[in-house]
Amino acid sequence: KVLLGASEKIVSEKGEVVLEEADLFDKYPDGISVTDSKSIYLSASLKLKEGIPPTSFTVSFRVWDKKGAGFVEGSYKLYSK
């Protein structure tokens with residue numbers, strides 16, 4: 001088994017935290033299979049109220065190995081129409 005952790009945070013262009021998840025894998029305390037751990041993904045999807053002017057969000061993420069020091073982290077901009 002592999003013990004992974006993954007966090008995700010979404011912040012509006014006004015600096016408001018829209019979503020903050022400390023560990024998306026905490027519901028798997030015994031880990032996941034090695035096969036399943038070879039390919040994971042995180043996604044962000046927001047539903048905005050109709051009539052809201054175009055805006056952007058910063059999505060930050062981190063995935064780490066709970067048994068070691070390995071991790072990957074990054075961020076990207078998500079734009080509304």
Side-chain angles (χ1 to χ4, degrees):
K1 295 274 185 171
V2 176
L3 289 172
L4 292 177
S7 63
E8 189 171 43
K9 183 176 183 179
I10 302 176
V11 180
S12 74
E13 66 184 22
K14 294 178 181 176
E16 299 166 339
V17 176
V18 177
L19 172 84
E20 188 164 19
E21 291 288 338
D23 188 357
L24 296 163
F25 285 97
D26 65 352
K27 60 185 170 187
Y28 303 102
D30 297 326
I32 60 175
S33 73
V34 172
T35 302
D36 288 343
S37 73
K38 289 184 187 263
S39 178
I40 65 164
Y41 68 92
L42 304 175
S43 64
S45 177
L46 299 171
K47 186 172 183 173
L48 303 176
K49 292 180 182 176
E50 211 170 303
I52 297 282
T55 188
S56 67
F57 301 87
T58 301
V59 181
S60 303
F61 62 90
R62 186 172 196 266
V63 178
W64 66 93
D65 177 355
K66 291 181 179 177
K67 289 184 175 180
F71 70 91
V72 62
E73 63 186 0
S75 65
Y76 60 91
K77 287 276 193 185
L78 183 62
Y79 296 94
S80 69
K81 292 183 177 184

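Worth saying up front: this structure is predicted, and the values here are computed from it rather than measured.
Both L42 and I32 belong to a single network of hydrophobic side chains, linked directly or stepwise wherever heavy atoms of I, L, V, M, F, W or Y lie under 4.5 Å apart. In the hydrophobic clustering of ILVMFWY residues, with side-chain heavy atoms under 4.5 Å counting as a link, V34 and L3 come out apart. Linking Ile, Leu, Val, Met, Phe, Trp and Tyr whenever their side-chain heavy atoms come within less than 4.5 Å puts V2 and V63 in one cluster. F61 and Y79 sit in two unconnected hydrophobic clusters of ILVMFWY residues. Membership requires side-chain heavy atoms under 4.5 Å apart, directly or through other members.
A distance of 7.0 Å separates OG1 in T55 from NZ in K14, rounded to the nearest 0.5 Å. A distance of 11.5 Å separates CG in L4 from CG in L24, rounded to the nearest 0.5 Å. Taking OG of S37 as the start and NZ of K1 as the end, the distance is 10.5 Å to the nearest 0.5 Å. Interatomic distance, CD1 of I52 versus NZ of K47, reported as 13.0 Å (0.5 Å rounding). The distance from the NZ atom of K9 to the CZ atom of F57 is 14.5 Å, given to the nearest 0.5 Å.
Taking each heavy atom of S7 and A22 in turn, the nearest pair found is CB-O, 3.3 Å. The two residues S80 and P53 make their nearest non-hydrogen contact at OG-O, 4.2 Å. Here the closest heavy-atom approach between residue V18 and residue S12 is recorded as CG2-N, 4.2 Å. Here the closest heavy-atom approach between residue E8 and residue A44 is recorded as OE2-CB, 4.0 Å.
A donor-acceptor pair under 3.5 Å is formed between the side chain of E13 and the backbone N or O of S56. D23 places a side-chain N or O within donor-acceptor distance of the main-chain N or O of A6, the cut-off being under 3.5 Å.
Of the options I10, L46, V59, V11, a side chain to side chain contact (heavy atoms under 4.5 Å, CB included) to L19 is made by I10 and by none of the others. Considering E20, E21, E73 as possible partners of R62, the one that fulfils the salt bridge (Lys or Arg N to Asp or Glu O under 4.0 Å) test is E73.
In this structure the side chain of S60 never reaches within 4.5 angstrom of the side chain of Y76, judged on heavy atoms. Residues D36 and Y28 are not in side-chain contact: their nearest non-hydrogen atoms beyond the backbone lie 4.5 Å or more apart.
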